[in-house]
Amino acid sequence: MFTGSFWVGLCAFAAVTLAMLGLFDFGIYVAARYRERYLEEAKTELDDILIQLPANRLLDLSISLSAVGAIVTVVLVSTKSEQMNWSVGVLAALLVGAMLFPLPRLVLRYLKKQRLIKFNLQLEDALGMMSSSLKAGFSITQALEKVSEQDMHPIALEFRLLIQELQLGVPVDQALDNMARRIGSEDFELVATAIITARQTGGELTETLERVAALIRERGRINAKVRALTAMGRLQALMIGAMPFLLLWGMYHISPGMMDSFIGSFAGVIAIGAVCLLVIGGFLTIRKITNIEV
């Protein structure tokens with residue numbers, strides 16, 4: 001009743017179906033694992049800069065931004081290029097969506113970096129205030145409270161969290177170590193180590209804080225000098241990164257017909273995506289070279 005070709009086709013259909021189900025199940029597993037890892041890392045980054053935002057809202061923002069960017073890309077490509085086909089539009093939308101998805105977390109990392117820079121700038125004044133308080137006869141806890149009462153953001157807020165831990169019964173050494181890990185500042189790690197060592201060895205804490213403040217001041221001066229010397233390299237990175245896109249924009253206005261053939265083709269969109277990846281890689285490489293640790 002059934003020929004051999006029927007059974008061969010049925011077996012092929014069953015094999016393809018099982019393979020698709022396996023790939024679908026694997027895709028769901030990978031997506032779930034990525035979502036779990038994304039939420040965990042996003043929660044840590046939000047806590048580092050003290051932003052009261054659920055991590056899943058950040059994921060929703062990333063997905064929404066990626067989707068809006070993909071839709072806008074399809075609209076722009078379809079209106080600007082007369083030779084555009086749907087495969088090219090979908091490919092361009094996927095590339096733009098993939099590049100926009102990590103943007104919210106990149107903004108968080110930028111905010112964290114700026115917050116850390118501001119914290120390090122305020123740390124020298126905080127050490128001077130603590131040293132003056134200790135000279136006046138205050139204890140180390142009272143000196144820390146003096147800093148937390150000042151109108152200096154973000155360092156006063158971090159010291160308030162430190163005081164809250166002390167009020168809950170956490171030892172001073174442990175609270176300082178927790179604060180150093182939470183902030184991630186090398187300068188404050190030096191301060192915490194100096195305070196803990198002075199308390200354990202019975203050293204003069206006032207002179208220790210003054211020496212640490214002088215060391216931080218000198219490191220800041222050297223960092224400023226290094227940034228001034230590497231400013232040309234950072235500017236070159238920005239110019240080299242922007243040059244391909246400026247040339248693309250200029251060529252589109254000079255010869256729209258030629259650029260329509262380029263943008264409207266599959267190979268052209270692939271080339272643009274490769275250029276974006278190479279530009280990002282080159283920018284990060286130059287930034288790594290010019291980022292000198294002191």
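- Note on I196: it clusters hydrophobically with M179, by side-chain heavy-atom contacts below 4.5 Å among ILVMFWY residues.
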I'd like to know whether N120 forms a side chain to side chain contact (heavy atoms under 4.5 Å, CB included) with L116, so could you lay out the CA-CA distance, the side-chain angles of the two residues, the decisive distance to 0.1 Å, and finally the verdict. CA-CA 6 Å; N120 290 333; L116 181 59; 3.9 Å; yes
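- Contact between L100 and G69 at its shortest, heavy atoms only, is CD1-CA, 3.5 Å.
- In this structure, R181 places its CZ atom where more than 12 heavy-atom neighbours from other residues, nucleotides or ligands lie under 6.0 Å away.
- Between the side chain of Q150 and the main chain of K146, a donor-acceptor pair closer than 3.5 Å is present.
- Side-chain atoms of S133 do not come within 3.5 Å of backbone N or O of A143 as any donor-acceptor pair.
- Expressed to the nearest 0.5 Å, how far CG of L162 lies from CG of L157 amounts to 11.5 Å.
- No donor-acceptor distance shorter than 3.5 angstrom exists from the side chain of S131 to the backbone of G128, with no hydrogens or angles considered.
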What verdict does the side chain to side chain contact (heavy atoms under 4.5 Å, CB included) test give for T208 and I195, after you've listed the backbone C-alpha separation in whole Å, the side-chain angles of each residue and the deciding distance to 0.1 Å? CA-CA 8 Å; T208 301; I195 294 176; over 6 Å; no
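- Separation of atoms OG1 (T206) and CZ (R211) is listed at 10.5 Å; rounding is to 0.5 Å.
- Within a 6.0 Å sphere centred on CD of Q114, other residues, nucleotides and ligands contribute more than 12 heavy atoms.
- Between Q122 and K118, some side-chain heavy-atom pair lies under the 4.5 Å cut-off.
- At least one donor-acceptor pair closer than 3.5 Å links the side chain of N178 to the backbone N or O of Q174.
- Between E40 and R37, none of the side-chain N atoms (NZ, or NE/NH1/NH2) sits under 4.0 Å from a carboxylate O, so this pair counts as no salt bridge.
- A side-chain contact (heavy atoms from CB on, under 4.5 Å) with D187 holds for exactly one of L121, L123, L215; it is L123.
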E210/K135 under salt bridge (charged side-chain N to carboxylate O under 4.0 Å, His left out): CA gap, chis, key distance, verdict: CA-CA 11 Å; E210 291 177 350; K135 288 180 181 179; 2.6 Å; yes
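- Note: D125 CG to I155 CD1 = 8.0 Å, rounded to the nearest 0.5 Å.
- Among all heavy-atom pairs drawn from V147 and M129, the shortest one is CA-SD, 4.1 Å.
- Following chains of ILVMFWY side-chain contacts shorter than 4.5 Å, one cannot reach V279 starting from V96, and the two form parts of different hydrophobic clusters.
- Heavy atoms only, all atoms of each residue included: E41 and R105 are closest at OE1-NH2, 2.8 Å.
- Pairing each heavy atom of C276 with each of M99, the nearest pair is CB-SD, 4.1 Å.
- The pair E158-R115 meets the salt-bridge criterion, since a charged nitrogen lies less than 4.0 angstrom from a carboxylate oxygen.
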Does the side chain to side chain contact (heavy atoms under 4.5 Å, CB included) test come out yes or no for F101 and I63, once each step is laid out? CA-CA 6 Å; F101 182 79; I63 296 175; 3.8 Å; yes
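- Note on R160 versus E149: no salt bridge recorded, every NZ/NE/NH1/NH2 to OD/OE distance being 4.0 Å or above.
- One hydrophobic cluster, built from ILVMFWY side chains closer than 4.5 Å, holds both L190 and L134.
- The CZ atom of R57 lies 13.0 Å from the OG atom of S62; values are rounded to the nearest 0.5 Å.
- Side-chain N or O atoms of E124 include none that pairs as donor or acceptor with a backbone N or O of A213 at under 3.5 Å.
- One hydrophobic cluster, built from ILVMFWY side chains closer than 4.5 Å, holds both L209 and F159.
- The heavy-atom pair separating I216 from L127 by the smallest distance is CD1-CD1, 3.7 Å.
- Counting heavy atoms from C-beta on, the side chains of Q200 and D173 come closer than 4.5 Å.
- Taking CG of D177 as the reference point, atom CD of E189 lies at 8.5 Å (rounded to 0.5 Å).
- Between P104 and L65, the closest side-chain pair of non-hydrogen atoms falls below 4.5 Å.
- Looking at T197, its side chain does come within 3.5 Å of a backbone N or O of T193 through a donor-acceptor pair.
- Here the CD atom belonging to Q164 is positioned 9.5 Å from the OG atom belonging to S148, to the nearest 0.5 angstrom.
- When side chains are defined from C-beta on, I140 counts as touching M130, because their heavy atoms get closer than 4.5 Å.
- The two atoms that bring S66 and A98 nearest to each other are OG-N, 4.3 Å, heavy atoms only.
- The hydrophobic cluster containing F138 does not contain L144, counting ILVMFWY residues as joined when their side-chain heavy atoms lie under 4.5 angstrom apart, directly or transitively.
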